[in-house]
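Quick notes on the structure that follows.
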Protein chains: 2
Amino acid sequence: MPASGCDGCIARHKGLCSALSPDELARLSAVARRRRFAAGQTIVDDQQELPYLANVLSGVVKLTKTLVDGREQIVELQFPADFVGRPLGGPSGFRAEAAINVELCTFARSRFEQVMRAVPGVERRLLQHTLDALDAARAWMVLLGRKTAAEKVASFLLILAQRFRGAAGAGSGWVNAVRFELPLTRGEMADFLGLTIETVSRNMTRLRSIGVIRLQGMRTVIVPDMERLTAASECPLEHAAQEPAPRPDGMRAVCVG
Amino acid sequence: MPASGCDGCIARHKGLCSALSPDELARLSAVARRRRFAAGQTIVDDQQELPYLANVLSGVVKLTKTLVDGREQIVELQFPADFVGRPLGGPSGFRAEAAINVELCTFARSRFEQVMRAVPGVERRLLQHTLDALDAARAWMVLLGRKTAAEKVASFLLILAQRFRGAAGAGSGWVNAVRFELPLTRGEMADFLGLTIETVSRNMTRLRSIGVIRLQGMRTVIVPDMERLTAASECPLEHAAQEPAPRPDGMRAVCVG
DNA sequence: CGGCGGCGTTGACAAAAATCAATGCCAGAA
DNA sequence: TTCTGGCATTGATTTTTGTCAACGCCGCCG
């Protein structure tokens with residue numbers, strides 16, 4: 001055991017290292033380092049990538065997302081033996097912070113990825129897919145925990161509009177408009193958004209009355225201006241009721257039909 | 001391309017199959033089948049394991065969790081090209097249902113896992129870890145979307161108590177009691193639970209006043225009876241205020257200090 | 001045609017939680 | 001020791017959301 005490593009801690013790691021061969025284990029142990037963070041200290045910012053992967057030895061790490069207006073949602077707590085860091089790289093979009101004093105056992109990302117390099121693409125793809133699903137779930141946690149009913153409904157319409165953007169906008173008679181079908185009933189929307197049917201219905205009506213969306217029948221939604229829908233999804237609805245912000249290219253979304 | 005497969009659909013699969021070698025692709029294509037589900041039809045139950053893995057070809061699949069009293073939370077929507085099924089096996093605890101008419105391209109789990117078998121343990125562990133995190137995130141989504149403030153606070157205490165169970169219960173003077181330190185301030189608890197500081201504080205007080213928990217100082221929590229805490233985490237608090245249910249072994253959690 | 005049932009909307013009202021404000025508790029600094 | 005600042009609690013009040021109930025729309029089926 002090297003003097004610089006964290007003695008034996010690798011061997012206790014949950015999930016990650018318990019499947020390693022003694023050889024691999026030794027290689028990782030050789031580069032492992034103990035790092036300490038005081039309560040309140042930031043471990044990684046939303047936009048950064050940790051230069052290492054780690055396991056929690058003691059303390060508690062919280063993963064948080066902060067909205068522009070300061071509302072905050074903790075999406076995960078990590079306890080001793082939990083794994084910290086994104087295996088496949090890239091910033092997570094969440095901030096990791098020590099909730100109380102934390103001790104991490106860290107090992108260089110490059111060294112770890114060297115172990116993973118031999119793995120064929122299938123499982124890596126699967127892992128990437130699962131990580132994406134995890135990101136989506138966490139983003140939705142922020143919505144469920146911290147957004148108002150109006151923002152929730154707008155956010156839901158927004159993800160649908162983004163998914164179907166360009167697919168059906170043409171022919172609607174609107175420039176830059178997006179048109180799509182709701183795949184869910186009002187009741188299912190409520191179950192997705194953590195609301196009741198009535199609240200969903202009222203907010204759909206509200207969005208329609210201020211012109212952020214139009215409805216053709218019950219299921220077809222037209223978004224004349226994605227910017228306004230985006231605004232409605234992340235700020236109190238009052239602001240979204242204003243005139244749409246001028247587009248950088250000077251164009252406006254207008255009805256030409 | 002075999003007559004029985006879904007022609008060419010494998011090649012378009014997002015995430016999973018794009019990394020396969022032509023050989024592997026051919027093998028999977030040979031066993032792929034198209035399956036259709038009508039709107040509202042259940043694809044898998046919470047307690048079952050899908051006998052196949054799949055990709056969505058058309059339609060929308062919803063993943064839901066239903067609480068005992070009927071409250072329901074959708075934790076994910078799956079659109080065309082999304083992947084359906086748990087790679088490493090075991091029931092997911094969520095129900096998959098066709099929100100609108102759905103067409104899946106499915107291939108046998110066994111055949112797929114054969115492809116994965118060659119993979120060393122490290123990545124499998126990592127995948128398992130990520131899947132666990134995803135499950136935890138989804139479970140928390142149910143809490144954020146569908147639980148009352150009282151249930152949220154109780155649920156939070158419950159997961160801490162379960163994590164620290166046995167670690168510090170001894171010496172508290174209680175039989176079967178659990179004692180632990182809160183790693184978060186009230187404000188952080190609020191950010192985790194999607195509440196305000198005041199609501200968290202009031203519900204801590206409430207749980208204390210009905211005897212579900214005791215507090216030593218601000219941070220130390222004692223749970224005399226885990227059953228009552230569990231009850232409080234999943235039903236309106238009134239019920240939890242009753243006498244604790246008789247234990248199967250006839251013992252009672254009492255203070256002997 | 002008319003009745004029916006599912007879904008959606010709307011309004012009146014009630015309940016839950018947030019907000020605002022005051023105060024208490026406690027640990028650490030002066 | 002006292003002061004101070006951060007955290008926590010509590011009460012009064014407002015806002016948001018849920019609940020209950022009525023009604024409209026529409027497609028389906030007898």
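Throughout, protein chains are lettered first and strands after them, A, B, ... in sequence-line order, and every chain is numbered starting at 1.
In this model, a side-chain donor or acceptor of A:Glu198 finds a partner on the base of D:dC20 within 3.5 Å. On a pure distance criterion of 3.5 Å, no polar donor-acceptor pair joins the side chain of B:Arg206 and the base of D:dT10. On a pure distance criterion of 3.5 Å, no polar donor-acceptor pair joins the side chain of A:Arg186 and the base of C:dG6.
Separating the CZ atom of B:Arg219 from the P atom of C:dC26 is a distance of 15 Å, rounded to the nearest angstrom. We find that NZ of A:Lys147 is positioned 18 Å from C1' of D:dT17, with the value rounded to whole Å. Taking atom CD of residue B:Glu188 and atom C1' of nucleotide D:dG6, one finds them 13 Å apart after rounding to whole Å. Atom C1' of nucleotide C:dG8 and atom CE of A:Met204 are separated by 11 Å, given to the nearest angstrom. The distance from atom CG of A:Asn203 to atom C1' of C:dT9 is 13 Å, rounded to the nearest whole Å. One interatomic measurement links the two molecules: CD1 of B:Ile197 to C1' of C:dT19, which rounds to 12 Å at whole-angstrom precision. At whole-Å resolution of the value, CG in A:Leu184 and C1' in C:dC7 are 14 Å apart. One interatomic measurement links the two molecules: CZ of A:Arg146 to C1' of D:dT16, which rounds to 15 Å at whole-angstrom precision.
Without hydrogens or angle criteria, A:Ser92 side chain to A:Phe94 main chain gives a donor-acceptor distance under 3.5 Å.
A donor-acceptor contact closer than 3.5 angstrom links the side chains of B:Thr196 and B:Thr199.
Considering only the side chain of B:Arg202, C:dT19 comes nearest among C:dT19, C:dT10, C:dA17. Minimum atom distance to the side chain of A:Leu195 is reached by D:dG18, of the listed D:dT19, C:dT19, D:dG18. Ranking D:dC7, C:dT19, C:dG8 by closeness to the B:Thr185 side chain, first place goes to D:dC7. The side chain of A:Thr196 approaches D:dT19 more closely than any other nucleotide in the set D:dA8, C:dT9, D:dT19.
Using cut-offs of 30° and 60° for the angle between ring planes, the B:His129 and A:Phe83 rings count as perpendicular.
Salt-bridge check for B:Asp191 with A:Arg71: failed, with every basic side-chain N at 4.0 Å or more from each acidic carboxylate O.
B:Gly217 comes within 4.0 angstrom of nothing in the nucleic acid, heavy atoms only.
OP1 or OP2 of D:dG18 sits under 4.0 Å from a side-chain N or O of A:Thr199. When the side-chain nitrogen and oxygen atoms of B:Thr205 are compared with OP1 and OP2 of D:dT10, one or more of them lie within a distance under 4.0 Å.
Annotation: cation-pi pair B:Arg219/B:Phe180 absent, no NZ/CZ under 6.0 Å from the ring centroid and within 45° of its normal.
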